[in-house]
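First up is the structure itself, then whatever we jot down about it.
When reading the values below, keep in mind they use all heavy atoms of this one structure, side chains included, and skip hydrogens, waters and symmetry mates. This chain uses plain numbering: 1 for the first residue, then up along the sequence. Atoms within each ligand, like the ligands themselves, are counted from 1 in listed order. Nothing here was measured: the structure is a model prediction, and the numbers come from that model.
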Amino acid sequence: MFLGHSERVLAERAGLRETRRVPAFTPPEVRPLISAERIAARVDELAAQITRDYTGRSVVLLSVLKGSFVFAADLARAIDLPIRMEFLGVRSYGADTKSSGVVQITQDLTRPVTGDDLVIVEDIIDTGLTISYLKEQLRGRNPASVKVAALLHKPARIQREVEIDYLGFTIDDVFVVGYGLDYAERYRNLPYLGVLDPSQTGAK
Ligand code: IMP
Ligand code: MG
């Protein structure tokens, strides 16, 4: 059977997933919430939407570090367009599992984004404070457009309404780790998303 380019890419990617050795470690304090397979299927859907929306345009995927690095890597490879990648290092002050909304840029873009179509890639929109701040900052750099792709959204805790143009999953008010998300820099390499049991870590 003859496969087109994107079908071939999809088939290859499915094969890779089957053969890739997936770490099996499951820390006892993490309760699995969204499996690697469900994440992969959703990421492919979001990438297909982005591909449709941005055909013929100059897309820059802007990965907000550190939390979005896994999502951004998977999303980027599933988008069937020539894109550019930029990374923005951000630290949001606040102890433990709460965001303060005070954002410090720890690593800036390497190139100007004037006239580009920006897609900000975030791991999770919790209070919405971080993404609101970033959108405002980035608009000042005169891109042609700014949209937001977020893997997760916790509507229960929202303080600032933000439009999420490409959303993976809506979740309850729980603290999640894995697939790039951390608690005190741990768990980022879990291939799935899980709920961290605060009683096991001292998390609030
Ligand atoms: P916001 O400013 O409250 O929307 O927070 C956004 C940032 O807080 C995210 O980019 C994460 O780094 C962090 N965060 C919020 N909720 C969680 C969670 O459940 N797990 C891990 N990190 C989280
Ligand atoms: Mg983050």
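In terms of polar-atom proximity, I125 is not counted as a contact of ligand 1, lacking any N or O under 3.5 Å from an N or O of the ligand. Taking distance alone, with nitrogen or oxygen atoms compared against 3.5 Å, V177 stays at or beyond that limit from ligand 1.
Residue contacts with ligand 1: G67 is excluded, as none of its non-hydrogen atoms falls under 4.0 Å. Ligand 1 has no atom lying under 4.0 Å from any heavy atom of V103. Residue-ligand proximity: V90 is placed with every non-hydrogen atom at 4.0 Å or more from ligand 1. A heavy-atom separation below 4.0 Å is found between K154 and ligand 1.
In this structure, a donor-acceptor pair under 3.5 Å is present between the side chains of D116 and S58.
The side chain of E122, and not its backbone, has at least one atom closer than 4.0 Å to an atom of ligand 1 (non-hydrogen atoms only; side chain from C-beta on). Contacts with ligand 1 closer than 4.0 Å are made by no heavy atom of L152, backbone or side chain. Only the side chain of L181 comes within 4.0 Å of ligand 1, counting heavy atoms alone; its backbone N, CA, C and O stay farther away.
No donor-acceptor distance shorter than 3.5 angstrom exists from the side chain of R141 to the backbone of V113, with no hydrogens or angles considered. Looking at R157, its side chain never comes within 3.5 Å of a backbone N or O of I125 through a donor-acceptor pair.
Side-chain contact between R188 and V70 is absent, with no heavy-atom pair separated by less than 4.5 Å. The closest side-chain heavy-atom distance from I131 to V64 is not below 4.5 Å. Taking the side chain as every heavy atom from C-beta outward, D182 and K66 never approach each other to under 4.5 Å.
The distance from ligand 1 to the heavy atoms of D182 drops below 4.0 Å at these ligand atoms: 21 (C). Within ligand 1, the atoms closer than 4.0 Å to a non-hydrogen atom of V174 are 19 (O), numbered from 1 in the order shown.
Residue nearest to atom 11 (C) of ligand 1, selected from I124, V64, V162, L65: I124 (by heavy-atom distance). If you check each of D123, T130, D173 against atom 10 (O) of ligand 1, the one with the closest non-hydrogen atom is D123.
Contact check on R139 versus E136 returns no salt bridge, with no Lys/Arg side-chain nitrogen under 4.0 Å from an Asp/Glu carboxylate oxygen.
The aromatic rings of Y166 and Y54 sit tilted relative to each other, their planes meeting at an angle between 30° and 60°.
With L152 as the partner, the side chain to side chain contact (heavy atoms under 4.5 Å, CB included) test is satisfied by one option alone out of T170, L33, I124: I124.
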